[in-house]
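Below is one structure, written out as structure tokens; comments come after it.
We count residues from 1, following the sequence as given. Heavy atoms only: backbone and side chains are in, while hydrogens, waters and symmetry mates are out.
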Amino acid sequence: MKYNRCGKSGLLLPQISLGLWHNFGSVDNFENGENIVKAAFDKGITHFDLANNYGPVPGSAETNFGKILKNNFQGNLRDEIVITTKAGYTMWDGPYGDWGSRKYLLSSLDQSLKRMNLEYVDIFYSHRFDPETPLEETMMALDYAVRSGKALYAGISNYNAEQTRKATEILKRLGTPCLIHQVKYSMFVRQPEAGLLDVLEENGVGCIAFSPLAQGLLTDKYLKGIPENSRASNPNGHLKTDEVSVERIQKIIQLNTIAQERNQSLAQIALAWLLKDNRITSVLIGASSVGQLNNNIDSLQNLDFSAAELLEIERILG
């Protein structure tokens with residue numbers, strides 16, 4: 001595993017990080033999740049990403065991760081891993097369990113720490129921009145989280161380029177620089193290229209890409225349509241069946257051909273394609289099994305692309 005410097009900070013993150021968005025909730029098999037986390041750490045993945053509402057049910061991924069930590073990461077091992085969480089989407093009913101107020105963010109952070117039985121998280125994120133709350137208030141909450149010792153670094157997620165520019169300026173003034181931006185980015189989701197990555201580079205902010213496999217679309221699962229037990233067939237999943245269009249499947253098939261020529265799986269080429277950009281600190285993968293985890297990690301064996309390959313990928317993606 002190679003570790004990249006996160007922006008202009010002193011923190012190094014593995015090229016591949018493990019997200020607990022799916023497969024770690026109360027509806028999932030705990031032992032399977034525990035085995036995935038242990039295998040990830042053994043392969044050099046030191047960064048584990050959560051949010052307050054991950055589950056289902058909301059909060060249960062953090063609760064389960066807390067149990068995994070207690071069972072496997074006692075003592076100084078806590079100092080060998082980076083644990084992150086977020087607040088910004090709906091967590092509980094009522095006026096104080098959503099968006100970007102100081103009240104919600106700091107209450108949620110306290111709840112997250114209790115669920116995971118931690119004294120601090122390494123990175124605390126504002127999970128989304130709140131158009132109704134002054135950005136200064138949201139950033140001041142992140143600043144306080146760091147100054148109080150409940151988080152070591154501050155991050156943002158799902159902010160556009162201009163929102164990111166303003167947020168980083170505020171945090172810089174407060175004396176708690178923005179460490180990292182977590183953004184949806186894949187071969188099928190290219191919006192970060194339209195200004196956001198430039199803003200991050202200019203301000204020395206790291207970037208971690210979530211949903212790098214487009215919720216599983218960029219895997220061999222969908223080469224022949226929607227299989228059983230896939231995210232598109234899961235009522236609890238975030239991939240909708242209408243996203244698996246005939247046009248998308250044709251692109252997937254063509255990309256798979258290039259992957260095979262590189263001796264890679266479709267998932268591996270999709271991850272490698274993101275990591276070719278030195279502005280990407282890490283890619284955030286999910287995994288439903290140890291085998292799937294290992295397949296994704298093997299993408300690191302071939303990160304180089306020829307000019308011809310890149311041109312053909314752009315032609316396919318249109």
Discussion item. Could you walk me through whether Glu193 and Tyr185 satisfy the side-chain hydrogen bond (donor to acceptor under 3.5 Å, both in side chains) test, starting with their C-alpha distance in whole Å, then the side-chain angles of each, then the deciding distance to 0.1 Å, before giving a yes or no?
Written reply: CA-CA 9 Å; Glu193 296 168 11; Tyr185 187 25; 2.7 Å; yes
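- When side chains are defined from C-beta on, Arg173 counts as touching Ile170, because their heavy atoms get closer than 4.5 Å.
- Taking the centre and axis of the six-membered ring of Phe188, the NZ or CZ atom of Arg248 falls inside the cone set by 45° and 6.0 Å.
- No side-chain heavy atom of Asn160 sits less than 4.5 Å from a side-chain heavy atom of Leu196.
- By the salt bridge (charged side-chain N to carboxylate O under 4.0 Å, His left out) test, Asp198 pairs with Arg279, sequence neighbours left out.
- Under the salt bridge (charged side-chain N to carboxylate O under 4.0 Å, His left out) criterion, Arg165 pairs with Glu162, Glu202, sequence neighbours left out.
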Begin with the C-alpha distance, continue with both residues' side-chain angles, and end with the deciding distance and a verdict on side-chain hydrogen bond (donor to acceptor under 3.5 Å, both in side chains) for Asn294 and Lys43.
CA-CA 8 Å; Asn294 289 333; Lys43 286 293 185 75; 3.0 Å; yes
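- In this structure, Leu18 and Val37 have side chains that are in contact, with non-hydrogen atoms separated by less than 4.5 Å.
- No side-chain heavy atom of Lys276 sits less than 4.5 Å from a side-chain heavy atom of Leu303.
- Asn64 pairs by the side-chain contact (heavy atoms from CB on, under 4.5 Å) definition with Phe30, Lys67, not counting sequence neighbours.
- Under the rule for a ring pair (Phe, Tyr, Trp, His ring centres under 6.0 Å), the partners of Phe41 that lie at least two apart in sequence or sit in another chain are Phe73.
- Residues satisfying the ring pair (Phe, Tyr, Trp, His ring centres under 6.0 Å) test with Tyr159, not counting sequence neighbours, are Phe129.
- Contacts of Glu119 classified as salt bridge (charged side-chain N to carboxylate O under 4.0 Å, His left out), with partners at least two apart in sequence or in another chain: none.
- Inter-residue side-chain proximity for Leu50 and Met116 is flagged as met; some heavy-atom pair is nearer than 4.5 Å.
- The neighbour count for Asn302 CG, taken as heavy atoms of other residues, nucleotides or ligands under 6.0 Å away, is above 12.
- Residues in residues 80-104 take part in these ring pair (Phe, Tyr, Trp, His ring centres under 6.0 Å) pairs, two or more places apart or across chains: Tyr89-His127, Trp92-Tyr104.
- In this view, Glu312 and Arg315 satisfy the salt bridge (charged side-chain N to carboxylate O under 4.0 Å, His left out) rule, not counting sequence neighbours.
- At most 12 heavy atoms of other shown residues, nucleotides or ligands fall within 6.0 angstrom of atom CG in Asn76.
- In the hydrophobic clustering, where aliphatic and aromatic side chains (Ile, Leu, Val, Met, Phe, Trp, Tyr) are joined below 4.5 Å either directly or transitively, Leu106 groups with Tyr144.
- Salt-bridge annotation for Asp110 and Arg115: absent, with no side-chain N of the basic residue lying under 4.0 Å from a carboxylate O of the acidic one.
- Under 3.5 Å, the side chains of Thr133 and Ser101 contain no donor-acceptor pair of N or O atoms.
- Every residue two or more places apart in sequence or in another chain that forms a ring pair (Phe, Tyr, Trp, His ring centres under 6.0 Å) with Phe48 is listed here: Phe65.
- Between the side chains of Ser108 and Asn52, at least one donor-acceptor pair of N or O atoms lies under 3.5 Å.
- Within 6.0 Å of atom CD in Glu247, 12 or fewer heavy atoms from other residues, nucleotides or ligands are found, so the atom counts as exposed in its surroundings.
- The salt bridge (charged side-chain N to carboxylate O under 4.0 Å, His left out) analysis of residues 129-146, with sequence neighbours excluded, yields the pairs Asp143-Arg147.
- Sequence neighbours left out, the pairs with a member in residues 88-105 that pass salt bridge (charged side-chain N to carboxylate O under 4.0 Å, His left out) are Asp98-Arg128.
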